[in-house]
Structure formats: C-alpha cells, structure tokens
Amino acid sequence: MLSNLLFLVIFCTAFSNSVSERNVTVTIDTDNVINIVDASFVSFTIDSNVYYWKNYIDFSFTRFLTLIRELSPAVLRVGGTRADDLIYNETTNQRSGIVTQDNITALVNATRSTNARLIFDLNQQLRNGTEWDSTNAEKLIKFCSEMDYCNSMDWELGNEPESYRKNNRQVLTAQQIGDGYVKLNSLLRSDHNCQNSFIVGPALGRFIKPKLQKLFSSFVDITGSFLKAATIHHYYFPGPSATKETYMNASYFADLPNLIGKALSLIKASKYPGVPLWFSETSTGYGSGTARVSDRFVSGFLWLEKLGISAARGAKVVCRQILYRGNYALIDGKLNPNPDYWFSWIHKMLVGQKVFAVNLTGLPTPPTTRVYAHCANTARSSYGPGAVTVFALNVDTTTTSVLTFSGPFANQNYDSYLFEPDVPGDVLSKSVKLNGRTLTMLSDVKMPKIVPIGRKAGSTFALPPATMAFLVFPDAKIPLCH
C-alpha cells in the first residue's frame with residue numbers, strides 16, 4: 001500500500017512538472033555587421049544621492065575594486081536626480097550634498113586603477129537668471145586640471161530635465177540646456193589639461209513623448225559639434241509595484257526597439273547625424289527597482305534582453321543603474337555580486353563589439369525566447385579571431401526552447417554556458433549556477449573559474465524554461481570577426 005502511494009506521488013509530481021518543447025531555428029547573418037558597440041558597452045553608475053548618505057563605501061576596498069575591474073573597460077557615471085543638488089566644496093563637508101576634493105580623488109583613483117573612465121554629472125540647476133551659473137563647476141574643473149584628473153574623466157550636465165517641474169526645479173528649454181553645455185565645452189577647451197575631456201548629454205528620460213523628442217533634436221543640433229554621445233535613460237516599468245511575473249512578461253520585449261529607433265532617427269535627421277547614442281542610466285524598474293526581485297535571478301531576463309536589443313539596434317554604451325547597494329544594484333551591501341553582476345561579467349568576457357542580425361522561427365507571439373549574436377571577445381576570453389558568441393534567454397516557465405542553428409553554424413562544435421537559479425526553478429534565487437556550479441568569488445581578488453560544456457557539431461541546444469545561456473562557436477572562422 002505504501003509503495004503504491006509513493007508511486008502515485010512521484011507520478012503526479014512528474015506530471016505536474018512536465019515540460020514541453022518548442023523547436024526554434026536560429027539563423028545568424030554573418031555577412032553584415034549591423035553595429036559596432038563601444039569596448040565599454042556594458043557600463044554602470046553610482047547615484048549622486050550617495051553624497052547624501054552618512055555611510056557609503058570606501059572606494060579603495062580591494063574587493064570593490066576587483067568587481068569593477070572585472071567589468072572593465074567601462075564607464076562609471078556618477079549622476080542621477082540629486083546631481084542637480086550637488087555642490088562642490090574644496091574641503092568642507094558640513095552638510096549632505098557636498099562633493100569634496102577627497103570625494104573626487106577617490107572616484108578618480110578607483111576608475112584609474114580598474115581601467116574604467118569616470119563621467120561626473122554637474123548641477124544644471126545652479127542658475128544666474130536664465131543662464132547656467134558655471135562658477136561652482138569652474139572650481140571643480142580647476143581642481144581636476146591641477147591634479148591631472150581630466151585625462152581620466154568626462155562630464156554631463158544635469159539629469160532628466162523633463163522632470164524638473166515635477167521635482168520643483170527650474171524648468172529649462174532646449175536652448176537653455178544646450179547653452180549650458182556650450183558653456184561647459186568652452187570651459188574645458190580653454191583648459192590645457194582638460195581640453196580632451198568628453199561631454200555627453202542631455203540625460204533625457206521618458207523619451208517617448210513628442211515634446212521631449214523635439215527637445216532632444218534641438219539639443220543635438222546645438223551641441224552635436226562637440227558631443228561625445230547623446231544620452232537617454234530607459235526603464236521598463238515602475239519598480240515598487242512590479243512582481244517577478246512583471247520581470248518575465250515577454251510583452252516588454254517590444255518596448256525598447258521603438259525607443260532606440262526613434263532616438264537614432266532624430267540624430268540622423270539632425271545637423272550632426274554621426275553622434276553616437278548611449279544609455280547613461282538604465283535598469284529594469286524605476287524608483288530603485290523592486291525589493292527582493294531586482295537583485296534576484298529573474299532580473300536577468302530583461303537585463304540581458306536590454307543588452308542584446310540595444311546592441312542590435314544601434315546603441316553604443318549601456319550604463320546600468322546602479323553598481324552598488326540598492327534593490328537593482330549589481331553588487332549588494334556586503335560586496336557580493338548579485339545575479340545581474342554575473343550575467344554582465346560573462347557578457348563582458350565572451351561578447352565582442354561587432355553585432356550580427358539574428359532571425360528566429362518557431363516562436364509564439366510575443367516571443368518568449370530571444371537570441372543575439374556578436375563576434376566573440378578575443379581580448380577577454382581564450383577564443384581566437386573568427387569565433388562567434390550567441391546568447392539566449394527563455395522566459396517561458398513551462399517550455400524548453402530547442403535551438404537549432406542553420407547555415408555555417410549547423411555543423412560547428414560549440415561551448416555552452418547555461419545559467420540557472422541556484423535553487424532549481426526558483427527565479428527569486430539570489431545565487432546563480434553556471435553549468436551546474438554556484439558562482440561565488442573565491443577571494444577578494446579572485447573570481448571563479450569558468451568551465452564550458454563542449455557540444456558536438458550539429459547538436460541542438462535545449463534552453464530550459466526560465467534560463468539563460470551563452471554559446472561560443474570557436475571554429476566559426478567568420479571573416480568579419482578577424
């Protein structure tokens with residue numbers, strides 16, 4: 001009787017957890033490079049509000065520097081809503097919202113020692129009537145010049161100007177914003193030590209509104225002659241009200257391509273059609289993300305999707321909000337990598353700068369599986385010229401996507417790197433398994449060893465429900481990847 005009952009339990013469990021399969025054909029067009037992203041494509045931010053906290057982090061901590069270095073080369077943007085409240089003061093930090101020489105030195109030393117480059121977001125709300133009052137910025141730039149910091153840092157002016165009215169700040173026109181940037185450019189070019197610093201902007205959010213698109217166009221027309229990149233921000237949804245299901249909703253996949261396409265079309269139609277497009281701040285849910293969700297495995301689906309579609313549609317750099325401490329941080333308060341850090345780390349290691357178009361057949365609408373392809377990163381990995389990296393994600397919770405590669409990849413050996421939650425099936429797991437091994441730092445200076453699983457030529461790849469994977473074809477010998 002007991003044995004029959006045990007059999008019934010096992011049978012019912014197996015049936016309830018049964019997984020179906022969907023065949024997906026993957027075709028990669030390696031005859032054309034559709035975009036070349038910056039070497040710092042995967043980058044990150046520190047929010048300006050850290051200068052309002054009593055305790056943040058010592059930027060000289062060995063473990064912290066190791067984690068930054070492993071994501072480099074990268075841009076470290078210090079900005080956010082409170083950037084338009086910050087005041088530079090040489091030595092005095094008697095109240096919150098003050099940035100001192102020691103603060104700047106700590107940032108520069110951290111980025112210099114980790115092969116990252118600092119972007120500092122200046123206060124645009126310091127006004128002299130309708131004009132930007134650059135007095136405080138001049139003091140900061142003078143200090144950076146004297147310390148020879150300018151060769152390691154770049155600049156932005158203001159943050160999300162479309163929100164100034166909501167945040168009880170002075171509302172600015174496109175001309176006023178542009179004039180501030182022209183003034184900033186003049187300050188930098190007149191300083192011998194800072195004349196090669198870059199400027200990016202306007203750090204515009206809610207870009208989909210026509211009024212803001214007009215502001216963006218006007219801004220590029222005013223500043224495009226010296227602008228390193230036109231910067232916008234993007235979030236999929238309000239973080240505080242989101243759930244794990246929100247993070248796996250495939251309908252959000254359609255959100256970003258239209259925004260990127262519109263931004264690039266406006267740049268192309270401007271007086272300076274060659275200005276690159278960056279996301280100088282972006283994550284999944286705005287409002288600091290979602291507690292006990294944004295720092296879990298499930299957050300990786302939209303993050304990898306954002307990296308994939310941003311590269312495929314023409315963006316050059318994506319700065320993740322934020323690097324440290326917070327619901328959507330890459331690194332938690334104890335300096336342990338969150339899941340999105342590990343996904344970013346593998347992306348940085350395996351994915352190169354040249355991007356190929358990918359076509360998928362066999363998917364439902366909206367598609368629950370996404371696949372992207374680049375030349376492999378030969379600088380960070382052991383793979384040689386000609387290799388191709390593919391990364392894929394499957395947000396379907398009940399169906400395995402069986403990937404079949406066509407064309408020159410149909411008969412190629414490949415290496416696979418499968419990401420799964422540390423707790424099987426639990427997308428709210430805070431730990432990640434790569435090819436069955438839980439990822440964790442081995443010491444403050446040592447990252448885990450990554451061991452791929454070799455796959456035979458012509459074999460399909462089964463991407464289980466709610467998982468992600470990177471696949472590298474080392475012998476692809478694609479001419480454009482040489």
Side-chain angles (χ1 to χ4, degrees), residues 35-48 50 59 64-80 83 107-108 110-121 152-156 159 197-205 227-235 256 260 263 275-284 289 299-300 302-326 328-331 337-338 340-353 355 372 374 377 379-380 391:
N35 187 25
I36 301 177
V37 300
D38 196 273
S40 299
F41 176 69
V42 179
S43 290
F44 38 84
T45 72
I46 289 175
D47 201 290
S48 298
V50 301
F59 284 94
F64 189 56
L65 295 176
T66 297
L67 290 168
I68 296 175
R69 189 178 296 111
E70 288 293 328
L71 292 184
S72 293
V75 167
L76 172 58
R77 184 233 188 194
V78 178
L107 288 169
V108 171
T111 51
R112 279 182 170 175
S113 66
T114 57
N115 194 28
R117 190 170 178 92
L118 176 65
I119 290 181
F120 193 84
D121 193 4
S152 302
M153 64 187 298
D154 304 314
W155 307 87
E156 198 169 37
N159 183 80
S197 284
F198 298 132
I199 298 175
V200 301
L204 196 64
L227 203 64
K228 170 68 173 179
T231 58
I232 59 176
H233 297 174
H234 174 264
Y235 295 87
L256 197 52
I260 295 172
V275 174
L277 178 68
W278 288 14
F279 288 98
S280 63
E281 179 189 314
T282 188
S283 192
T284 45
S299 178
L302 283 176
W303 177 230
L304 278 186
E305 163 63 13
K306 178 165 287 186
L307 294 178
I309 200 65
S310 295
R313 293 305 175 100
K316 301 297 184 182
V317 171
V318 177
C319 296
R320 167 60 181 255
Q321 175 85 348
I322 54 179
L323 178 63
Y324 170 73
R325 209 172 83 175
Y328 49 24
L330 294 177
I331 304 168
N338 284 326
D340 279 1
Y341 180 95
W342 293 119
F343 306 142
S344 303
W345 182 58
I346 295 296
H347 187 289
K348 182 74 74 168
M349 185 183 302
L350 299 179
V351 178
Q353 293 177 245
V355 189
Y372 297 96
H374 292 232
N377 187 342
R380 286 287 300 271
F391 61 98

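A salt bridge links Arg320 with Asp340: the distance from a Lys NZ or Arg NE/NH1/NH2 to an Asp or Glu carboxylate oxygen falls below 4.0 Å. Arg77 and Glu281 are joined by a salt bridge, as a carboxylate oxygen and a charged side-chain nitrogen come within less than 4.0 angstrom of each other.
Ring pair Phe391/His347 is perpendicular by interplanar angle, where above 60° counts as perpendicular and below 30° as parallel.
When side chains are defined from C-beta on, Val78 does not count as touching Asp121, because their heavy atoms never get closer than 4.5 Å. Side-chain contact between Trp278 and Ile119 is present, with heavy atoms from C-beta onward closer than 4.5 Å. In this structure, Tyr372 and Ile309 have side chains that are in contact, with non-hydrogen atoms separated by less than 4.5 Å. Considering only heavy atoms from C-beta on, Gln321 stays 4.5 Å or farther from His233 through its side chain. Between Trp303 and Val318 there is a side-chain heavy-atom pair separated by less than 4.5 Å.
Looking only at distances, no side-chain donor or acceptor of His234 sits under 3.5 Å from a matching main-chain atom of Thr282. Of the possible polar contacts, none joining the Lys306 side chain to the Thr284 backbone as a donor-acceptor pair under 3.5 Å is found. Lys348 places no side-chain N or O within 3.5 Å of a backbone atom of Glu70 that could act as its donor or acceptor partner. Here the side chain of Thr231 pairs a donor or acceptor atom with the backbone of Ala203 at under 3.5 angstrom. At least one donor-acceptor pair under 3.5 Å links the side chain of Ser197 to the backbone N or O of Met153.
Nearest heavy atoms, Ala315 versus Asn35: O-ND2, 3.0 Å. In terms of heavy atoms, Ser344 sits closest to Leu330 at OG-CD2, 4.1 Å. Between Phe198 and Asp154 the shortest heavy-atom distance is N-OD1, 2.8 Å. The two residues Val37 and Gly352 make their nearest non-hydrogen contact at CG2-O, 4.2 Å. Contact detail for Cys319 and Thr45: the closest heavy-atom pair is CB-CG2, 3.8 Å. Nearest heavy atoms, Leu67 versus Tyr341: O-OH, 2.6 Å.
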- Task: Begin from the C-alpha positions of Glu156 and Lys228 and carry the test salt bridge (Lys or Arg N to Asp or Glu O under 4.0 Å) through to its verdict.
- Result: CA-CA 10 Å; Glu156 198 169 37; Lys228 170 68 173 179; over 6 Å; no
- After noting the C-alpha distance and the side-chain angles of Ile232 and Phe279, does the key distance pass the side chain to side chain contact (heavy atoms under 4.5 Å, CB included) rule? CA-CA 5 Å; Ile232 59 176; Phe279 288 98; 3.7 Å; yes
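Residues forming a ring pair (Phe, Tyr, Trp, His ring centres under 6.0 Å) with Tyr324 (at least two apart in sequence, or on another chain): Tyr56, Phe64.
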